[in-house]
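Quick notes on the structure that follows.
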Protein chains: 2
Amino acid sequence: MTRVLVVDDDPQIVRALVINLKARTYEVDAAHDGATALRLAAARHPDVVVLDLGLPDMDGVEVIRGLRGWTRVPILVLSARHSSDEKVAALDAGADDYVTKPFGVDELLARLRAAVRRAEPAHGEGDVIVDTGEFTVDLAAKKVDRRGKDVRLTPTEWHLLEVLVRNSGRLVGQKQLLQEVWGPSYGTETNYLRVYMAQLRRKLEADPSHPKHFITEPGMGYRFEK
Amino acid sequence: MTRVLVVDDDPQIVRALVINLKARTYEVDAAHDGATALRLAAARHPDVVVLDLGLPDMDGVEVIRGLRGWTRVPILVLSARHSSDEKVAALDAGADDYVTKPFGVDELLARLRAAVRRAEPAHGEGDVIVDTGEFTVDLAAKKVDRRGKDVRLTPTEWHLLEVLVRNSGRLVGQKQLLQEVWGPSYGTETNYLRVYMAQLRRKLEADPSHPKHFITEPGMGYRFEK
DNA sequence: GCACACTTTGACGGAACCCTGACGCTGCCG
DNA sequence: CGGCAGCGTCAGGGTTCCGTCAAAGTGTGC
């Protein structure tokens, strides 16, 4: 579960945030001043910090620096100040986002989700991979794995696979497929498709003559299914 | 250098941003519609994308999805819409930040710095030393060790090795390789690659004619594998 | 101005890849 | 039942791409 540390000296705001976050099954800690915030952060290791800049005991930017001294936890700053200098100072001190009061709860939550999401450990070096159970496709690394072994694809095969995977689950018309892989003037050379789909299936499908992932939609196009 | 992709259909805004960014020594690409944006992102691998939502050819959220299909590059959304729903939709589609027009340039740049900063590999966390069993590469010290002995590399050889190792496991396109090592105008001099890959293999591979770590992907590029 | 190391360039054999045409199969319709 | 259209399969030939080598160019330090 995601743990949030809410820091604000206004009990109303803290209360509202805590209720909203708990309702969405976040785990919430709250602090009313900077010293408590730093202590709680160290003790509880939150996944994200929501920090009001107007604290009674210390400057908000100092809290950010205190946190950044030892952690890269996402910090989402709340502030009543609209001044550009304030924002720049907070962001350059290490904050991840800056929301001015009054704020919409929906927006705040969306920004919080974004902050948490990007802090998640990336697969490998930060790549999105598609897994079918039989093989995996790593689009950024241009890598296909099948039972632990790398599958070698030619440029055309890869390009075709790429277009299909990017439209995973959706039907891709043969004209679109041809034009994206071979170029705008190749919209009718459907035999290319037949040849290369066969190669992809031979290299990736467990039973190439009964494909489970590269589906033919007769007369229309092809579809990639996990 | 940090590379930024600016996407906006308003030439004024693009111009203003490009000037501001270049003055701060960012490298800037610009696109005025979604299709161009996606193509440029794939071709140039920017470190951060500044994306206006109101594009002429496609919905901005679709551009975000198109990018998120294969990359985690930070996306900073610009928009004239203040509606909370718009923000939530963009952020949940995978955007990292959302700035409403009109925006302060200082604030935008600060948010951009924040986005780039947190995308950087963690300090001291990233493995500076890569070990293949046959040889080790120390990126920080710029040293290569093979069976206890230092391997002497020329500047170009090192530069090439560095790019490959930084993308360990991933395929690096020959154009990208050429442009990163020799400069933006050398994107087609593939014979350089052939010569220098051969030298790297001769110096580092146990059996240079059957490379295990510097893999050729014909027609696409090269890949470094531990 | 010479020696040395590095980069660039050109040429060539061989490997990998892409296109192409032919054929068989299936399902549909006349 | 026969013809037709769409799809899958296969193999050969032309073309592109890669590894290798050698030699010419470039720059730097002595």
Side-chain angles (χ1 to χ4, degrees), chain A residues 142 144 150-164 171-183 185-224, chain B residues 142 144 150-164 171-183 185-224:
Chain A
K142 288 212 191 329
V144 180
D150 272 13
V151 180
R152 177 154 280 203
L153 296 183
T154 72
T156 311
E157 286 163 6
W158 174 260
H159 205 165
L160 180 60
L161 175 67
E162 199 175 13
V163 176
L164 287 169
L171 170 74
V172 188
Q174 21 194 27
K175 190 169 188 176
Q176 182 189 344
L177 223 36
L178 282 163
Q179 291 185 337
E180 290 213 32
V181 176
W182 280 271
S185 57
Y186 288 75
T188 58
E189 308 280 327
T190 58
N191 47 330
Y192 292 8
L193 278 183
R194 295 208 296 278
V195 172
Y196 279 90
M197 285 302 304
Q199 309 223 3
L200 272 185
R201 284 168 174 157
R202 186 149 12 96
K203 289 184 178 179
L204 298 180
E205 292 273 4
D207 180 0
S209 54
H210 300 96
K212 290 193 334 211
H213 304 106
F214 299 97
I215 318 269
T216 305
E217 302 279 3
M220 309 186 62
Y222 294 87
R223 189 157 42 87
F224 171 78
Chain B
K142 291 203 187 301
V144 183
D150 264 19
V151 180
R152 180 172 181 75
L153 295 183
T154 73
T156 310
E157 286 163 5
W158 171 259
H159 206 334
L160 180 60
L161 176 67
E162 193 178 16
V163 175
L164 287 169
L171 176 89
V172 188
Q174 30 196 25
K175 193 168 190 175
Q176 182 188 345
L177 223 36
L178 283 163
Q179 291 187 336
E180 293 213 28
V181 176
W182 280 272
S185 58
Y186 287 77
T188 58
E189 308 282 330
T190 57
N191 46 334
Y192 291 9
L193 278 183
R194 297 207 296 277
V195 171
Y196 277 89
M197 284 302 304
Q199 305 203 348
L200 274 184
R201 283 167 174 157
R202 194 161 346 116
K203 291 185 177 179
L204 298 179
E205 291 272 4
D207 180 0
S209 55
H210 299 97
K212 290 193 334 210
H213 305 105
F214 299 97
I215 317 271
T216 304
E217 300 280 3
M220 300 196 284
Y222 294 86
R223 183 201 309 280
F224 172 77

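We use all heavy atoms of the structure for the numbers below, so side chains are in, but hydrogens, waters and symmetry mates are not.
Taking atom NZ of B:K203 as the reference point, atom C1' of C:dA5 lies 10 Å away to the nearest angstrom. Atom pair B:L160:CG and C:dT7:C1' shows a separation of 14 Å (rounding to whole Å applied). A:L200 has its CG atom 16 Å from the P atom of D:dC7, to the nearest Å. A:H210 has its NE2 atom 12 Å from the P atom of D:dG8, to the nearest Å. Atom P of nucleotide C:dC19 and atom OH of A:Y186 are separated by 7 Å, given to the nearest angstrom. Between B:Q199 atom CD and C:dA5 atom C1' the separation is 11 Å, expressed in whole Å.
The residues A:E157 and A:K203 are annotated as salt-bridged, a charged nitrogen and a carboxylate oxygen being separated by less than 4.0 angstrom.
Nearest-nucleotide positions on DNA chain C for A:L153 and A:E189 put A:L153 closer to the 5' end. Both A:P155 and B:Y196 lie close to DNA chain C; mapped to their nearest nucleotides by heavy-atom distance, the more 5′-ward contact belongs to B:Y196.
The side chain of A:Y192 contributes no N or O atom lying less than 4.0 Å from OP1 or OP2 of C:dC18. Using a 4.0 Å cut-off, no side-chain N or O of B:W182 falls inside it from OP1 or OP2 of C:dT7.
Contact detail for B:P218 and A:P155: the closest heavy-atom pair is O-CG, 3.3 Å. Nearest heavy atoms, A:L177 versus A:L160: CG-CD1, 3.7 Å.
Between B:L193 atom CG and B:W182 atom CH2 the span is 5.0 Å, to the nearest 0.5 Å. Atom CE of residue B:M220 and atom NE2 of residue A:H159 lie 11.0 Å apart, to the nearest 0.5 angstrom.
Counting non-hydrogen atoms under 4.0 angstrom, B:R152 reaches the backbone sugars and phosphates but no base.
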**Request:** Dump the intermediate steps for ring-ring contact (aromatic ring centres under 6.0 Å, His included) on B:F224 and B:F214, then the final yes or no.
**Result:** CA-CA 5 Å; B:F224 172 77; B:F214 299 97; 5.5 Å; yes

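Comparing C:dT20, C:dT7, C:dC18 by their nearest atom to the side chain of A:T154 picks out C:dC18.
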**Message:** Counting primed atoms plus P, OP1 and OP2 as sugar-phosphate and everything else as base, spell out the protein contacts along nucleotides 12-28 of chain D at 4.0 Å heavy-atom distance: B, S or - for each nucleotide, 5' to 3'.
**Reply:** -----SBBBB-------

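Under 3.5 Å, the side chains of B:T216 and B:R201 contain a donor-acceptor pair of N or O atoms.
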